[in-house]
Protein chains: 2
Amino acid sequence: MNREILPIGSIKSAKDVGEIVSRYRKMQELTQVELAGLAQTGTRFISDLENGKGTVQFDKVMHILDLLGVEVVAKER
Amino acid sequence: MNREILPIGSIKSAKDVGEIVSRYRKMQELTQVELAGLAQTGTRFISDLENGKGTVQFDKVMHILDLLGVEVVAKER
DNA sequence: CAAATAAATTCCCGATAGGGAATAATACAA
DNA sequence: TTGTATTATTCCCTATCGGGAATTTATTTG
């Protein structure tokens, strides 16, 4: 398990966001079940999200990131 | 109409991303129809997205942002 | 103002998101 | 190994996404 601080990074795909969610959930010692409870969603959604499913709903993803303390910023490329 | 450069900003919701898409699409003088064509999607999706619909699919949103030259970065809050 | 262009809304409808619950698979410890 | 906890997958199911096209509404232009 990598415990270093992530400068997190660029989100280009659902896979990227899935990795971030998985990492930050574990850093906070939450199980998928617990995170689903906090987010008032199902465990299926958390599993799908962490596994990079691209068709997850945008607002649900943002809510999870917010719960985990991850901020999302837009910049010009 | 605000034409200043946006330091873009934090994305907390679908409404935020909708505003960014609308703004950057217009900055590049694209119509919704043209952007939909570039993204191989429908105009309904572009309209929904720009109007802040939260249930749009994550990967579709990311693809639109990429087309518009908007990078998305994750940071710790 | 009217005309032209763009955007939003509506309809039909096939595809699928995602909830809950059960099961299977995987990881981890003792 | 066996047991335990966690995660992934499957099923059933309802709700809705989103494409395409048509229409309505809004915006821009002359």
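Lettering follows sequence order; numbering is per chain, from 1. These numbers come from the heavy atoms of this one structure, side chains and all, not from hydrogens, waters or symmetry mates.
In this structure, B:Asp16 contributes its side chain and B:Ser13 its backbone to a donor-acceptor pair below 3.5 Å.
Atom CD of A:Glu29 and atom C1' of D:dT7 are 17 Å apart (whole Å). Protein atom CD of A:Gln32 is 17 Å distant from nucleotide atom P of C:dA21, rounded to whole Å. Atoms CD (A:Glu34) and P (D:dT6) sit 7 Å apart, rounded to a whole Å. Between the CZ atom of B:Phe45 and the P atom of C:dT10 there is a distance of 19 Å, given to the nearest Å. Atom-to-atom, CD1 of B:Ile46 to P of D:dG20 comes out at 12 Å; the value is rounded to the nearest Å.
For A:Lys12, the side chain to side chain donor-acceptor pair (under 3.5 Å) partners two or more places apart in sequence, or in a different chain, are A:Ser10.
Put simply, A:Lys60 has no side-chain N or O that comes within less than 4.0 Å of OP1 or OP2 on D:dC17.
Of the residues in residues 47-59 of chain A, those placing a heavy atom less than 4.0 Å from an atom of DNA chain D are A:Ser47, A:Asn51, in numerical order.
Note on B:Thr43: nothing from the nucleic acid sits closer than 4.0 angstrom, heavy atoms only.
Map B:Arg44 and B:Leu30 each onto its nearest nucleotide of DNA chain C; the residue landing nearer the 5' end is B:Leu30.
For the atom pair CG (A:Asp48) and OG1 (A:Thr43), the distance works out to 9.5 Å, reported to the nearest 0.5 Å.
In this structure, B:Asp66 pairs ionically with A:Arg77, as a charged nitrogen and a carboxylate oxygen lie closer than 4.0 Å. No salt bridge links A:Arg25 with A:Glu34; every basic N to acidic carboxylate O contact stays at or beyond 4.0 Å.
The two atoms that bring B:Ile8 and A:Glu76 nearest to each other are CD1-N, 3.6 Å, heavy atoms only.
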